[in-house]
Amino acid sequence: MPELPEVEVVRRGLLGHVVGKRIVAVEVLHPRAVRRQLGGAADLIGLLAGATVTAARRRGKYLWLEADPAAAADPIAILVHLGMSGQMLVQSAGAVDEKHLRIRATLDDGTELRFVDQRTFGSWMVDDIVGSVPASIAHIAPDPFDPGYDQSAVVKVLRGKHTEIKRALLDQTVVSGVGNIYADEALWRSQIHGQRLTDKLPVKSLRAVLDNAAAVMSEALDQGGTSFDALYVNVNGQSGYFERSLNAYGREGKPCRRCGAAMRREHFMNRSSFSCPRCQVRPRF
DNA sequence: TATATCTCCTGCGGGC
DNA sequence: TGCCCGCAGGAGATAT
């Protein structure tokens, strides 16, 4: 599942393959892939035709390509969210279409930028850039690798909330980039159960969770991201290796790598959470 | 206003 | 073999 490290791997790939290229044509093969575009597929196609990509940027799990439109105007952002299964692939013209190909952008060097998305949670949209980010993600908080990230400010927000720490970690308006996998990893490293309340946790613990979230995502990035199957790949279709380094996620019943206790799995927010019953004591309410 | 829950979607695996 | 069901989960919409 693409979280910050996986999106960053994709962004870096796009830097080398797409930036500097002009979009010759765009084809939308599934309406859900452009559901965030107010004018629909025709609008997106019209805005992108002839645009030249000038940069590839990211905030949290959102990725965008900055582009100069064909008609003289302000730069636009091609805002991309990979959802659960989105892939941005650079393919040569004539390559066989992927089964779940949703959008095809043909570039002026003959290659194609393809958006492939099995579960259709991902999307593309064209957006205005306000300040330094697309307008529609202005509410998304900086991620731990953003120059504008301020851990003290995040701790202050957490202390002002009355909610569970894992829920807060997944709230992209508090700190962005963290998803279910890295939230579990950060909490395991911090020896804190995800149901502990943010306003009851000491500042030291909140800082530790945020530090560990940044550390685990940094390590994952170094290994090309986390892949469990073919649903996450870089622009060349290759998978990352961080899955081998996970200490919590997906390890139900296996011994905790710190104390040896059997790892548990709990249902939380309609998804699974993995933790150590000995190192991460569940709070009593 | 803040927090919690529901919904969208597809493919896979397990059970019958 | 084929059908049904649960599961995976990001984020916006809706409910409390």
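Numbers restart at 1 for each chain; the letters A, B, ... are given by sequence-line order, proteins then strands. What you are looking at is a predicted structure, and each value in this text was computed from that prediction instead of being measured.
- One can place CZ of A:Arg36 at 8 Å from C1' of C:dA11, the figure rounded to the nearest angstrom.
- For A:Leu4 and C:dG10, the CG to C1' distance is 14 Å, given to the nearest whole Å.
- Put simply, CE on A:Met269 is 13 Å from C1' on C:dG12, counting in whole angstrom units.
- Under a cutoff of 6.0 Å and an axis angle of 45°, A:Arg102 and A:Trp124 do not form a cation-pi pair.
- Between A:Asp184 atom CG and C:dG10 atom C1' the separation is 15 Å, expressed in whole Å.
- Within the helix from B:dA2-C:dT16 to B:dC16-C:dG2, the inter-axis angle between the opening and closing five-pair segments is 50°, rounded to 10°.
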request  = In sequence, state the C-alpha distance, the side-chain angles, and the governing distance for A:Leu169 and A:Val209, and then conclude on side-chain contact (heavy atoms from CB on, under 4.5 Å).
outcome  = CA-CA 9 Å; A:Leu169 281 176; A:Val209 171; 3.7 Å; yes

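- Annotation: of the two residues near DNA chain B, A:Lys99 and A:Lys161, the 5′-most nearest-nucleotide partner is A:Lys161.
- Boundaries of the chain A contact region on DNA chain B are B:dT3 to B:dG11, first to last in 5' to 3' order (nucleotide atom under 4.0 Å from a heavy atom).
- The pair A:Arg59-A:Asp143 does not meet the salt-bridge criterion, since no charged nitrogen lies less than 4.0 angstrom from a carboxylate oxygen.
- Residue-level contact check: A:Phe268 touches neither bases nor backbone, having no heavy atom under 4.0 Å from any strand.
- Ion pairing between A:Glu98 and A:Arg114 holds under the 4.0 Å rule for side-chain N and carboxylate O.
- At a threshold of 4.0 Å, the pair A:Arg264-A:Glu252 does not count as salt-bridged, since none of the basic side-chain nitrogens sits closer than that to a carboxylate oxygen.
- The residues A:Arg189 and A:Glu185 are annotated as not salt-bridged, no charged nitrogen and carboxylate oxygen being separated by less than 4.0 angstrom.
- The nearest whole Å value for the distance from the CZ atom in A:Arg119 to the P atom in C:dG6 is 17 Å.
- The residue A:Arg265 sits close only to the backbone: its heavy atoms come under 4.0 Å of sugar-phosphate atoms, none of a base.
- Rounded to an integer number of Å, the gap from NE2 of A:His81 to C1' of C:dG10 is 6 Å.
- In this structure, A:Gln118 places its CD atom 15 Å from C1' of C:dG10, rounding to the nearest Å.
- The residue A:Arg32 sits close only to the backbone: its heavy atoms come under 4.0 Å of sugar-phosphate atoms, none of a base.
- Comparing A:His139 and A:Phe121, the nucleotide of DNA chain C nearest to each residue sits closer to the 5' end for A:Phe121.
- A:Arg57 places no side-chain N or O within 3.5 Å of a backbone atom of A:Trp64 that could act as its donor or acceptor partner.
- A:Ser123 and A:Arg35 are not linked by any side-chain donor-acceptor pair at a separation below 3.5 angstrom, with hydrogens and angles left out of the test.
- Taking 4.0 Å as the cut-off between side-chain N and carboxylate O, A:Asp117 and A:Arg32 do not count as a salt-bridged pair.
- Considering only side-chain N and O atoms, A:Tyr62 lies under 4.0 angstrom from the phosphate OP1 or OP2 of C:dG12.
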